[in-house]
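Here's the structure, in structure tokens; my notes come after.
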Amino acid sequence: MTEQNNTSKPDPQEIARLTRELEKLNAHRFVKVHNSLWRLIGFQFLRGLAFGLGSVVGATILVSLLAWWVSQFEFLPIIGDWAAQIADQIETAR
């Protein structure tokens, strides 16, 4: 068996193309944010704030819709009264 030793020199055009692609990658916003520790901390902090705010707003809407829906059941004496009280408190808060 004969083995071919393929150790040819790299093509300069390929190296230039690879260099351009690497420059484009380093200029990307994602890489720029992760190159600086303070930018990364700030980005993650803002991301956490947005996630927290979205969670609170979403949960508030969901709970208020659920309380309104349950308040429509008047045939359940305990749950209906409890839900009606919650609905009244929501209405007076507006």
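With respect to Glu21 and Lys24, a salt bridge is recorded, a charged nitrogen being found less than 4.0 Å from a carboxylate O.
Grouped with Leu37 in one hydrophobic cluster are Trp38, Ile41, the linkage being side-chain heavy-atom contacts under 4.5 Å among Ile, Leu, Val, Met, Phe, Trp and Tyr residues.
Between the CD atom in Gln85 and the CD1 atom in Ile90 there is a gap of 12.0 Å [rounded to 0.5 Å]. Atom CG of Leu25 is separated from atom CG of Leu18 by 10.5 Å, given to the nearest 0.5 angstrom.
Residues satisfying the salt bridge (charged side-chain N to carboxylate O under 4.0 Å, His left out) criterion with Glu14, sequence neighbours excluded, are Arg17.
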Output side-chain donor-acceptor pairs under 3.5 Å for residues 51-65, partner residues at least two apart or in another chain, one line each.
unit_1, atom_1, unit_2, atom_2, d
Ser55, OG, Phe51, O, 2.9
Thr60, OG1, Val56, O, 2.7
Ser64, OG, Thr60, O, 3.2
Ser64, OG, Ile61, O, 2.9

